[in-house]
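The structure appears below as structure tokens.
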Protein chains: 2
Amino acid sequence: MTTPLVSTEIATQPDTWRQAAALAPSSPLPRRGQRVAVVGCGTSWFIAQAYAARREGLGHGVTDAFAASEFPTGRDYDLVVAISRSGTTSEVLTLLRKLRGNVPTLAIIGDPDSPGREAADEVVTLPFADERSVVQTRFATSTLSLLRAGLGEDVESLAAAAKDAVRWSAPSALLERTQITFLGRGWSVGLAHEAALKCREAALAWTESYPAMDYRHGPKAISDENSAVVFLGSRPDGLVEEVEATGALALWFDEDPQLTLVRCQLFAVAYALSKGLDPDRPRHLTRSIILSGE
Amino acid sequence: MTTPLVSTEIATQPDTWRQAAALAPSSPLPRRGQRVAVVGCGTSWFIAQAYAARREGLGHGVTDAFAASEFPTGRDYDLVVAISRSGTTSEVLTLLRKLRGNVPTLAIIGDPDSPGREAADEVVTLPFADERSVVQTRFATSTLSLLRAGLGEDVESLAAAAKDAVRWSAPSALLERTQITFLGRGWSVGLAHEAALKCREAALAWTESYPAMDYRHGPKAISDENSAVVFLGSRPDGLVEEVEATGALALWFDEDPQLTLVRCQLFAVAYALSKGLDPDRPRHLTRSIILSGE
């Protein structure tokens with residue numbers, strides 16, 4: 001089998017993160033103190049969640065994240081940031097058009113020649129991070145790198161560390177499990193959701209994702225010797241022991257959770273290949289979701 | 001096999017909903033216009049999500065929901081509402097004690113003799129809705145009924161309609177599927193998460209849950225002829241057809257989504273029994289989650 005497209009794109013992440021971060025100083029990103037909402041669908045929604053919790057956690061201001069289809073009207077925001085790789089996602093475009101003239105909007109888009117460009121007040125495009133793969137990897141993490149750079153975070157060091165992460169091989173003990181749960185805390189909750197989605201899309205796998213502390217409140221029931229639990233970010237006291245007591249494999253990395261997400265991307269691809277699936281052709285999915293009538 | 005405890009408790013819901021709603025006029029529930037956060041763990045978090053979206057959607061004021069472990073400090077709320085059946089959940093008690101003196105708090109608790117009583121400024125107890133079952137059903141929906149009555153909703157009609165819902169039998173076509181996705185919109189997104197959790201806890205089943213529009217953005221990949229998709233609340237245009245095109249069974253009910261949640265509870269129990277599992281003894285779980293050192 002030839003190397004999947006998605007594998008090639010995953011490997012470029014150190015470089016696309018640096019390019020994205022370099023755009024931050026000249027981009028109209030949220031300013032400190034602004035009340036911000038970040039929206040997207042699927043992967044972009046999960047990246048919105050991660051950024052929202054990170055921004056607020058670092059003291060830059062109240063930041064909410066919503067699935068674009070579930071945006072609550074009637075709230076006061078200083079800025080709404082929309083993320084869409086294709087720039088064509090129906091729910092995102094509909095929302096941006098509805099907000100026009102009422103709330104300032106910023107779109108972060110992969111494809112520079114897309115309708116999203118015209119739908120928002122301000123636009124940042126990341127054409128170097130756009131993808132041929134249906135399953136998103138580098139556009140999502142590059143968007144997060146841009147946004148994190150805008151919070152003053154050191155993406156250069158992160159990109160350097162990612163050079164190792166993109167060469168990781170998922171251990172066979174993980175590939176052998178048939179049910180995988182991803183757990184995050186704070187800003188890594190969104191990354192846990194994204195990791196789980198990668199495995200669903202590429203490997204049609206049974207994955208779950210939660211705030212780590214919530215694992216004990218029900219989701220734990222499904223863990224057994226067929227399961228693995230992957231931690232993105234810090235591990236609550238005693239939780240690894242609880243996971244292992246169910247027979248599940250517990251796995252974690254003491255690193256920035258964005259690097260662990262890269263490992264999860266690699267795992268999703270390896271998991272797909274181990275099941276004889278082509279990760280470049282995820283079942284039922286297309287590159288962008290445009291609803292009829294839009 | 002004798003009737004499971006949880007089945008007996010599910011059947012009492014019309015009555016416990018009425019009793020809960022009757023408490024609303026004399027209870028210190030959120031007032032119109034207040035900025036409110038609602039917190040809980042597991043089931044209680046999902047009920048918090050449903051109420052938050054419902055309250056805000058009905059124009060009663062900004063309402064956020066958080067897993068108790070993920071509550072963002074530094075936001076301005078007029079009231080924080082905590083939901084805990086046992087009144088002993090560690091994350092909830094820790095948060096309430098931290099908020100004391102800074103933000104007014106209200107706890108909604110099943111067990112009237114619990115530490116939660118002392119941890120919050122105000123307390124409403126629903127002892128008639130407390131449960132012997134580990135898997136929560138009527139406490140969750142009774143709490144929601146109390147809160148909905150506080151929004152001026154007609155719980156009496158809902159309880160009358162629930163008399164039919166609690167007698168529902170899940171169709172064999174649904175019981176035969178091995179992967180179930182629950183979809184909601186607006187306030188029923190939380191109910192979709194709760195429906196999915198019931199099936200995990202009672203039947204150790206592969207369930208997923210999303211805002212309905214997000215199904216197209218990746219989760220759809222896992223649907224096939226082994227799957228079912230259950231809608232709670234309205235169905236986005238064209239989505240039933242998309243679900244059915246994957247081979248999955250699409251199922252919906254034109255009714256208040258709280259009634260559909262009752263059907264999902266019944267399905268979870270029937271699903272467990274069909275797999276030879278005892279829904280009253282969910283694997284790895286205990287009635288309340290108290291962390292060591294608390």
Side-chain angles (χ1 to χ4, degrees), chain A residues 40-45 53 56-57 59 62-64 66-70 72 74-76 89-91 135-136 179 185-186 189 197-198 200-208 210-214 216-224 236-238 242 245-246 282-285 289 291-293, chain B residues 40-45 53 56-57 59 62-64 66-70 72 74-76 89-91 135-136 179 185-186 189 197-198 200-208 210-214 216-224 236-238 242 245-246 282-285 289 291-293:
Chain A
C41 299
T43 288
S44 294
W45 175 34
E56 185 159 333
V62 167
T63 319
D64 289 318
F66 301 101
S69 61
E70 297 288 336
R75 289 199 179 198
D76 283 330
T89 313
S90 296
E91 299 98 303
V135 173
Q136 285 196 43
Q179 189 283 316
R185 301 198 77 176
V189 174
L197 183 61
K198 290 306 94 171
R200 282 181 205 121
E201 292 179 326
L204 312 181
W206 179 3
T207 56
E208 311 213 347
Y210 305 93
M213 295 292 280
D214 238 58
R216 293 177 167 110
H217 293 279
K220 184 182 172 186
I222 54 92
S223 282
D224 60 22
D237 284 349
E242 274 195 51
T246 69
R283 192 167 65 172
H284 309 319
L285 301 181
I289 310 296
L291 305 179
S292 59
Chain B
C41 300
T43 287
S44 295
W45 175 34
E56 186 160 331
V62 168
T63 319
D64 289 319
F66 301 102
S69 60
E70 297 288 337
R75 289 200 180 195
D76 283 330
T89 313
S90 295
E91 297 97 304
V135 173
Q136 284 196 44
Q179 189 282 316
R185 300 199 79 176
V189 174
L197 182 62
K198 289 307 94 170
R200 286 182 202 117
E201 292 179 325
L204 312 181
W206 178 4
T207 56
E208 312 213 348
Y210 305 94
M213 295 292 281
D214 239 58
R216 294 179 165 109
H217 293 278
K220 185 183 172 186
I222 53 90
S223 282
D224 60 20
D237 284 350
E242 275 196 50
T246 70
R283 193 169 64 172
H284 309 320
L285 301 182
I289 310 297
L291 306 178
S292 58

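Scope of the values below: all heavy atoms of this structure, side chains included, with no hydrogens, waters or symmetry mates. Reminder, nothing fancy here: chain letters follow the sequence lines and each chain counts from 1. What you are looking at is a predicted structure, and each value in this text was computed from that prediction instead of being measured.
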- Item | Max heavy-atom pair count under 4.5 Å with chain B, selected residue of A:Val135, A:Asp64, A:Thr89, A:Asp237 | A:Asp64
- Item | Interchain contact, B:Pro282 with chain A, by part (heavy-atom threshold 4.5 Å) | neither
- Message: If I measure from the heavy atoms of chain A, does B:Leu204 come under 4.5 Å with its side chain, its backbone, both, or neither?
- Response: both
- Query: Side chains of A:Lys220 and B:Leu285: closer than 4.5 Å at any heavy-atom pair?
  - Reply: yes
- Query: Side chain, backbone, both or neither: which part of A:Val189 has an atom under 4.5 Å from a heavy atom of chain B?
  - Reply: side chain
- Message: For A:Gln136, which atoms come within 4.5 Å of any heavy atom of chain B: side chain, backbone, both, or neither?
- Response: neither
- Message: Looking only at heavy atoms and a cut-off of under 4.5 Å, which of B:Asp224, B:Asp76, B:Thr43 has the most pairs with chain A?
- Response: B:Asp224
- Heavy-atom distances under 4.5 Å only: say whether A:Glu70 touches chain B with side chain, backbone, both or neither. side chain
- Given that the side chain runs from C-beta out, which part of A:Ala205 has a heavy atom under 4.5 Å from chain B: side chain, backbone, both or neither? backbone
- Message: Just to verify, what does A:Glu56 make a side chain to side chain donor-acceptor pair (under 3.5 Å) with, not counting sequence neighbours?
- Response: B:Arg75
- Query: Between the main-chain N or O of B:Cys41 and the side-chain N or O of A:Asp214, is there a donor-acceptor pair closer than 3.5 Å?
  - Reply: no
- Message: Distance check, rounded to the nearest 0.5 Å: A:His284 atom NE2 versus B:Ile222 atom CD1?
- Response: 8.5 Å
- Task: Give the member of B:Pro236, B:Gly238, B:Pro219, B:Ser223 that has the highest number of heavy-atom pairs under 4.5 Å with chain A.
- Result: B:Ser223
- Item | chain B interface, residue from A:Glu208, A:Arg185, A:Glu242 that has the most non-hydrogen pairs under 4.5 Å | A:Glu208
- Toward chain B, the part of A:Thr207 with a non-hydrogen atom under 4.5 Å: backbone
- Item | B:Ser69: partners by side chain to side chain donor-acceptor pair (under 3.5 Å), with sequence neighbours left out | none
